[in-house]
Amino acid sequence: MATLPVRDRLLLSATQLLRSKGADGFGMSELMEHSGVARRSMYQHFPRGKAQLLEQATDEAGRHASSRLAAALYGRTAVEGLIVIVDEWKQTLVRHDYRLGCPLVAASTSAAEYPGAAERAATAFQTLAGQIAASFEADGLAADAARRAGDMLVAALEGAIITSRATRSTAPLDALSAHIRETWG
């Protein structure tokens with residue numbers, strides 16, 4: 001991480017800590033140690049401190065998730081693309097021994113302390129739901145049904161990730177894949 005610019009190291013560390021510990025699960029000392037950045041440098045890039053850093057890390061996480069989803073959907077049906085995303089999450093969870101979750105969920109559950117990050121997570125979830133809806137519409141599903149499917153599938157995926165972490169099993173994600181295939185496949 002030492003070759004990245006300071007701002008990027010801070011964003012990467014914040015995202016990794018969000019994924020493993022949640023927004024309230026780490027403090028500035030741990031963030032500084034994880035990123036290898038001096039506290040003074042942190043405030044040069046994020047004058048409002050951790051709240052601003054989490055907002056921007058959540059924005060980055062949302063853009064990354066949207067980009068991953070777009071790549072999975074490209075040239076595929078909505079069902080095929082969603083199965084790719086579910087499979088990617090299964091691989092990530094297993095590879096990291098179920099320690100890493102979705103940074104958007106972590107940001108969204110911190111609304112009391114970090115409302116800006118939670119708002120940005122909500123925006124990212126809406127973007128993802130819109131991408132899924134557009135893909136279903138392109139496959140011929142009516143607009144209202146596609147919108148409902150997008151909203152439900154973002155919620156279902158996030159819930160399956162959380163449940164998989166808690167149970168240390170990919171069974172919830174397998175169930176989601178089966179449901180997607182049975183319902184829309």
Closest non-hydrogen atom pair between [X] and [Y], with its separation:
X    : Y    : answer
Q131 : S66  : OE1-OG, 2.7 Å
A149 : L141 : CB-CD2, 4.5 Å
M32  : R39  : SD-CA, 3.5 Å
M42  : V37  : N-CG1, 4.1 Å
F46  : Q56  : CE2-OE1, 3.2 Å
S20  : L100 : CB-CD2, 3.8 Å

Taking the side chain as every heavy atom from C-beta outward, state whether [X] and [Y] have any atom pair closer than 4.5 Å.
X    : Y    : value
S110 : L54  : no
T58  : P103 : no
R7   : S41  : no
L153 : L176 : yes
L12  : R9   : no
E80  : L73  : no
Y114 : K50  : yes
Y43  : L53  : no

Got a list of side-chain donor-acceptor pairs under 3.5 Å for residues 156-164, not counting sequence neighbours?
{"unit_1": "T163", "atom_1": "OG1", "unit_2": "G159", "atom_2": "O", "d": "2.8"}
{"unit_1": "S164", "atom_1": "OG", "unit_2": "A160", "atom_2": "O", "d": "2.9"}
{"unit_1": "S164", "atom_1": "OG", "unit_2": "S169", "atom_2": "O", "d": "3.0"}

Which distance, rounded to the nearest 0.5 Å, do you find between the [atom1] of [X] and the [atom2] of [Y]?
X    : Y    : atom1 : atom2 : answer
M152 : I132 : CE    : CD1   : 9.0 Å
H34  : K21  : NE2   : NZ    : 8.5 Å
E60  : S67  : CD    : OG    : 11.0 Å
T170 : Q91  : OG1   : CD    : 10.5 Å
E55  : E119 : CD    : CD    : 8.0 Å

Kindly say whether [Y] contributes a backbone atom to a donor-acceptor pair with the side chain of [X] at under 3.5 angstrom?
X    : Y    : result
T109 : A106 : yes
T127 : T123 : yes
S108 : V105 : yes
R165 : R99  : yes

Would L104 and L128 count as a side chain to side chain contact (heavy atoms under 4.5 Å, CB included) here? Give the steps. CA-CA 11 Å; L104 299 174; L128 296 170; 4.1 Å; yes
For residues L17 and L93: do they belong to one hydrophobic cluster (side chain heavy atoms under 4.5 Å, members Ile, Leu, Val, Met, Phe, Trp, Tyr)?
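As far as the 4.5 Å side-chain criterion goes, L93 and L17 are not connected within one cluster.
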Please name all residues satisfying side-chain contact (heavy atoms from CB on, under 4.5 Å) with [X], sequence neighbours left out, ordered by chain then number.
X   : value
T92 : R19, W89, R95, H96
H64 : R68
V84 : A72, R76, E88

What pairs meet the ring-ring contact (aromatic ring centres under 6.0 Å, His included) rule with one or both residues in residues 117-141, with sequence neighbours excluded?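 Counting only pairs at least two positions apart or across chains, the ring-ring contact (aromatic ring centres under 6.0 Å, His included) contacts touching residues 117-141 are F136-W184.
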(request) Please list, chain by chain and in numerical order, all residues satisfying salt bridge (Lys or Arg N to Asp or Glu O under 4.0 Å) with D174, sequence neighbours excluded. (result)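 Counting only residues at least two positions away or on another chain, D174 forms a salt bridge (Lys or Arg N to Asp or Glu O under 4.0 Å) with K90.
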Problem set entry | E33, CD atom: more than 12 neighbouring heavy atoms under 6.0 Å |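 No, the 6.0 Å shell around CD holds no more than 12 heavy atoms from other groups.
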